[in-house]
Amino acid sequence: MAPGSNRDQIAGMGAVDLARRLIGATLLVRGAGGTIIETEAYARDDPASHSFRGPTARNASMFGPAGHAYVYRSYGIHLCLNVVARPGEAVLIRALDPTTGIQAMATRRNSAMLCNGPGRLTQALGIRPEDDGAPFDGTDLSITLSGDRPDLLVGPRIGISRAQDLPWRFGLAGAKGLSRPFPPHPG
DNA sequence: CTAGCGATTGTCT
DNA sequence: GACAATCGCTAGG
């Protein structure tokens, strides 16, 4: 199958399932990218989600087709990249293991830390505000799901002030370059 | 190593 | 007018 042709599989998935499924997938943005190693799920009736209060101009993409991008500005400075799941649900991409177009990413970021954080990776990949709503269809953006199901790390989401108890942050076990360590599993 | 804080701007109350 | 799904710098142990 062609790269970026996973939108049919993504359609109908909930954000939590998709967040788990995207660990180990390959993300490419105009020829640069790598393996997704950290994600977070945001659901429809989720106080921490931008979709919680219903559709607005800003979060319209979250209510659009699955397998498209939701790009928003964070703290007035950084952009963050999400993959839309079911209506009102999306998965925040928090970290990549860079594999392709590393030189271009290093040029866009003046740092050795290329993709270990949601704001850093959008800068490294050259994500623009106009990418909001764009499909992951292999044109500019593509996602190729992995065949295997690697061991996952699970923990609470980062940087939110509501629903902090939900374990909706996922990471690739053993990966280097996570935006933050995962807390030790209780027990 | 961890903790604190300023930058900067669109969106919602 | 408050606040935000962050980052990078500085100070201190």
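Not measured: the values here are computed from a predicted model. Just so we're on the same page: letters track the sequence lines, and every chain starts at 1.
Of the listed residues (Arg94(A), Glu40(A), Arg120(A)), just one forms a side chain to side chain donor-acceptor pair (under 3.5 Å) with Ser179(A), and that residue is Arg94(A).
A salt bridge is defined here as a Lys NZ or Arg NE, NH1 or NH2 lying under 4.0 Å from an Asp or Glu carboxylate O, and Arg86(A) with Asp17(A) fails to meet this definition.
Base engagement by Gly76(A) is indicated by at least one non-hydrogen atom pair under 4.0 Å involving a base atom. Among the protein residues, Arg58(A) comes within range of the sugar-phosphate backbone only, with heavy atoms under 4.0 Å from sugar or phosphate atoms but none that close to a base. Using a 4.0 Å heavy-atom distance criterion, Arg169(A) is classed as making no nucleic acid contact. Contact annotation for Ser179(A): no contact, since no heavy-atom pair falls under 4.0 Å across all strands. Using a 4.0 Å heavy-atom criterion, one finds that Thr56(A) contacts the sugar-phosphate atoms exclusively. Residue Ile77(A) is in base contact, counting any heavy-atom pair closer than 4.0 Å across all strands shown.
Spacing between atom CG of Asn116(A) and atom P of dA5(C) amounts to 20 Å, rounded to whole angstrom units. Residue Met62(A) contributes atom CE, which lies 15 Å from atom P of dT11(B) at whole-angstrom precision. Rounded to whole Å, the distance from CG on Leu81(A) to C1' on dT6(C) is 15 Å. Atom CG of Leu79(A) and atom C1' of dA4(C) are 14 Å apart (whole Å). The CG atom of Asn110(A) sits 16 Å away from the P atom of dC7(C) (whole-angstrom rounding). Taking atom CG of residue Asn59(A) and atom C1' of nucleotide dA5(C), one finds them 13 Å apart after rounding to whole Å. As a whole-Å value, the separation of Gln123(A) CD from dT6(C) C1' is 12 Å. The NE2-P distance, from His50(A) to dT13(B), rounds to 13 Å in whole Å.
In this model, the phosphate group of dC3(C) is not approached by any side-chain N or O of Arg73(A) to a distance below 4.0 Å at OP1 or OP2. In this structure, Arg94(A) reaches the dT6(C) phosphate: one of its side-chain N or O atoms is under 4.0 Å from OP1 or OP2.
Side-chain contact of Gln123(A) with Arg108(A): a donor-acceptor pair under 3.5 Å is absent, judged by distance alone.
Comparing dG8(C), dT6(C), dA5(C) against the side chain of Arg120(A) picks out dG8(C) as the nearest. Considering only side-chain atoms of His78(A), the nucleotide from dG8(C), dC7(C), dA5(C) that sits closest is dC7(C). Listed candidates were dA5(C), dT9(B), dT13(B). Nearest to the side chain of Tyr70(A) is dA5(C). In the set dG10(B), dA5(C), dC7(C), the nucleotide with an atom closest to the side chain of Tyr42(A) is dA5(C). Nearest to the side-chain atoms of Ser74(A) among the listed nucleotides dG8(C), dA5(C), dG10(B) stands dA5(C).
Base pairing analysis places dG1(C) opposite dC12(B); the two distances defining the Watson-Crick or G-U wobble pair are each below 3.5 Å. With both pairing distances under 3.5 Å, dA11(C) is matched to dT2(B) as a Watson-Crick or G-U wobble pair.
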### Message
Is there a salt bridge (charged side-chain N to carboxylate O under 4.0 Å, His left out) between Asp46(A) and Arg157(A)? Walk through the geometry before answering.
### Response
CA-CA 12 Å; Asp46(A) 171 4; Arg157(A) 295 173 290 182; 2.7 Å; yes
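Looking at Tyr72(A), its side chain comes within 3.5 Å of the base of dA5(C) through a donor and an acceptor atom.
Within a 6.0 Å sphere centred on CZ of Arg109(A), other residues, nucleotides and ligands contribute more than 12 heavy atoms.
Using a 4.5 Å heavy-atom threshold, the side chains of Tyr70(A) and Asp132(A) count as touching.
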